K.L.:
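The structure under discussion is supplied below as structure tokens; questions concerning it will follow.
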Number of protein chains: 2
Amino acid sequence: MNDGGGNSGKKQARRPSTERTAQRDPERTRAAILEAATREFAENGMGGARVDAIAERAGTNKRMLYHYFGDKEQLYLKVLEEAYVGIRTAERALHIGDRSPEEGIGELALFTWRYFLQHPEFLSLLGTENLHRARWLRQSIRLKELHSHLIGELSQVLERGKKQGVFIETADPLHVYLTIASLGYFYLSNQYTLSTIFGRDLIEPANLNAWESHIVHVTLASIKR
Amino acid sequence: MNDGGGNSGKKQARRPSTERTAQRDPERTRAAILEAATREFAENGMGGARVDAIAERAGTNKRMLYHYFGDKEQLYLKVLEEAYVGIRTAERALHIGDRSPEEGIGELALFTWRYFLQHPEFLSLLGTENLHRARWLRQSIRLKELHSHLIGELSQVLERGKKQGVFIETADPLHVYLTIASLGYFYLSNQYTLSTIFGRDLIEPANLNAWESHIVHVTLASIKR
DNA sequence: CCATCAAGTAACCGTTTAGTTACCGGCTTG
DNA sequence: CAAGCCGGTAACTAAACGGTTACTTGATGG
């Protein structure tokens with residue numbers, strides 16, 4: 001868009017900075033930009049996020065942002081990738097196969113709900129990315145196999161439950177995961193419009209706990225024989 | 001932002017329009033702007049939507065947009081209100097109380113799913129509005145009672161089912177509706193990231209039909225005795 | 001102890017954006 | 001039947017935006 005050629009040499013000498021320079025720390029600056037970007041993109045979406053705002057939140061300036069991440073779009077993709085790595089990593093530590101099939105599924109449902117509850121920025125980022133039809137996520141190569149582990153482990157738990165006669169034969173791993181994620185995602189990401197139109201504060205602890213139980217109840221009721 | 005004072009009289013005379021003037025039709029222009037705005041806001045969110053793009057899509061210009069709707073924010077709120085009126089109006093025509101309790105709930109689940117499927121712009125608008133924590137919806141007074149009818153009718157159907165002994169006593173109308181909406185909303189609004197990470201095209205008709213059955217199955221399984 | 005390179009700053013640039021103004025002309029009505 | 005209101009056009013503006021450039025400063029290895 002801006003080729004930058006043809007105006008070199010026009011600049012006048014600028015007033016040099018005489019202020020005290022803060023300690024240098026590339027890693028810290030990089031991390032600060034990433035965290036600030038996560039918040040800015042989560043709060044305002046891709047179209048609404050402001051590069052200046054990210055730099056200011058990170059306590060640095062735009063130059064460093066472009067230095068470390070290329071441009072706004074690449075920074076956004078990095079933020080999104082990190083968000084996915086976060087949930088999938090925590091998920092692996094669960095080891096849902098170590099318990100009985102019923103407890104394993106219940107554990108996954110509880111974990112997912114609580115992770116969503118504690119990471120609202122992850123939900124926002126998903127919403128933003130889907131608004132754009134996964135335009136940036138599709139460009140990410142490193143994420144393809146990150147998710148297969150989940151389905152694999154879930155599939156094993158379901159098979160074991162079927163053999164033990166506690167789960168119905170038609171239970172599908174992807175459907176089970178989508179059910180769990182649906183119930184958590186919708187309640188939290190749409191809490192603002194829902195609370196407004198139904199006149200009930202969904203984020204109130206009592207309602208939150210009721211919905212947590214509800215998710216586990218619905219998930220298990222849908223696959224139990 | 002722009003007080004408009006202090007530069008009057010500076011303008012030169014402009015070249016008057018000599019082109020043929022199109023037929024005048026205030027209602028059509030207004031409706032065209034509203035429809036164009038619905039698409040633009042749904043595709044790009046509040047931050048990403050461009051006023052120029054809306055005007056162009058509507059086959060008119062910005063002046064008319066500001067003339068009829070005030071500014072970008074008021075236009076957005078109008079779009080959102082119309083979207084809610086659309087689904088709630090269609091919902092009323094269902095009369096879920098006319099059938100058996102089980103059929104009534106199944107009918108509501110099917111309707112909601114199919115409405116979401118046919119109105120992706122409604123889902124996008126909800127996502128956008130929630131990103132901004134219902135900032136604009138909260139300002140809308142006329143929508144408060146639009147939704148109470150739904151819960152009222154659903155509540156009656158559930159009560160009848162409980163008396164007949166087919167539904168569990170703990171079944172809650174809001175929870176039932178949120179369950180139905182969750183399963184439809186998440187699957188469709190997040191279809192792009194989900195299809196990407198799980199390597200399965202969720203919008204394919206076979207998958208769509210399977211999920212439709214799944215929603216009805218899950219909803220009923222969660223409330224049946 | 002100095003040459004060099006990465007970290008950092010802030011002004012700057014071209015473009016885009018929401019919103020406005022000057023002007024036009026068909027239709028209605030007193 | 002004229003006068004003025006209302007639907008409509010396009011050029012305009014100030015500010016904001018993403019991105020770049022000119023330049024400074026600290027650390028470090030030969």
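Letters go in sequence order (proteins before strands), and every chain restarts at 1. If you're wondering where the values come from, they're calculated on a predicted model, not measured in any experiment.
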K.L.:
Given atom CZ of A:Arg63 and atom C1' of C:dA7, what is their separation to the nearest angstrom?
P.N.:
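Going from CZ in A:Arg63 over to C1' in C:dA7 covers 9 Å.
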K.L.:
How many whole angstroms separate atom CE of A:Met64 from atom P of D:dG19?
P.N.:
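Going from A:Met64 (CE) to D:dG19 (P), I get 16 Å.
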K.L.:
Tell me the closest heavy-atom pair linking A:Phe41 and A:Ala49, and the distance in Å.
P.N.:
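What the structure gives for the nearest pair is CD2-CB, 3.4 Å.
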K.L.:
Please confirm whether any donor atom in the side chain of B:Lys62 sits under 3.5 Å from an acceptor in the base of D:dA10, or the reverse.
P.N.:
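No, the side chain and the base share no sub-3.5 Å donor-acceptor pair.
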K.L.:
How many Å lie between CG on A:Asn61 and C1' on D:dG18, as a whole number?
P.N.:
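Nearest whole value for this atom pair: 14 Å.
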K.L.:
Between atom CZ in B:Phe69 and atom P in C:dG19, what is the gap in whole Å?
P.N.:
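Checked: the CZ to P distance equals 15 Å.
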K.L.:
Could you give the CD1-to-P distance, from B:Ile33 to D:dT9, as a whole number of Å?
P.N.:
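For the pair B:Ile33 CD1 and D:dT9 P, the rounded distance is 10 Å.
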K.L.:
Would you call the rings of B:Phe122 and B:Phe116 parallel, tilted or perpendicular, where under 30° means parallel and over 60° means perpendicular?
P.N.:
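Ring orientation, 0 to 90° scale: tilted.
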K.L.:
Rounded to whole Å, please give me the gap between CD in A:Glu27 and P in C:dG8.
P.N.:
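Spelled out: CD on A:Glu27 to P on C:dG8 is 11 Å.
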K.L.:
Holding to side chain to side chain contact (heavy atoms under 4.5 Å, CB included), I want the full list of residues that pass it with B:Leu110, two or more places apart in sequence or in another chain.
P.N.:
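Side chain to side chain contact (heavy atoms under 4.5 Å, CB included) list for B:Leu110, sorted by chain: B:Arg114, B:Glu212, B:Val216.
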K.L.:
So, is A:Tyr66 close to the C:dT9 phosphate, meaning a side-chain N or O under 4.0 Å from OP1 or OP2?
P.N.:
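The answer is no; no side-chain N or O of A:Tyr66 sits under 4.0 Å from OP1 or OP2.
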K.L.:
If I take atom CG in residue B:Leu65 and atom P in nucleotide C:dG19, what distance separates them, rounded to the nearest angstrom?
P.N.:
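For the pair B:Leu65 CG and C:dG19 P, the rounded distance is 9 Å.
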K.L.:
With the threshold set at under 4.0 Å for non-hydrogen atoms, list the residues of residues 36-60 of chain A touching DNA chain C in residue-number order.
P.N.:
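A:Thr60 - these, ordered by number, are the residues of the stretch whose heavy atoms sit under 4.0 Å from the strand.
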K.L.:
A:Trp136 and side chain to side chain donor-acceptor pair (under 3.5 Å): which partner among A:Glu73, A:Glu81, A:Glu129, A:Gln74?
P.N.:
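Checked A:Glu73, A:Glu81, A:Glu129, A:Gln74 against A:Trp136; only one passes side chain to side chain donor-acceptor pair (under 3.5 Å): A:Glu73.
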K.L.:
First locate atom CG of A:Leu108, then atom CG of A:Leu94, and finally report the distance between them rounded to the nearest 0.5 Å.
P.N.:
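Answer for the CG-CG pair, A:Leu108 versus A:Leu94, is 6.5 Å.
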K.L.:
C:dA18 P sits how many Å from B:Gln74 CD, rounded?
P.N.:
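Whole-Å distance recorded here is 15 Å.
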K.L.:
Do the side chains of A:Glu43 and A:Arg57 get close enough for a salt bridge, i.e. N-O under 4.0 angstrom?
P.N.:
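Judged by the 4.0 Å cut-off on N to carboxylate O distance, A:Glu43 and A:Arg57 do form a salt bridge.
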K.L.:
Do B:Thr179 and A:His214 have side-chain atoms, one donor and one acceptor, less than 3.5 Å apart?
P.N.:
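Judged by distance alone, the side chains do pair up.
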K.L.:
Indicate whether OP1 or OP2 belonging to C:dG8 is found under 4.0 Å from a side-chain N or O atom of A:His67.
P.N.:
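Negative; the distance criterion is not met.
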K.L.:
Please confirm whether any donor atom in the side chain of A:Lys72 sits under 3.5 Å from an acceptor in the base of D:dG19, or the reverse.
P.N.:
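No such pair is found, so the answer is no.
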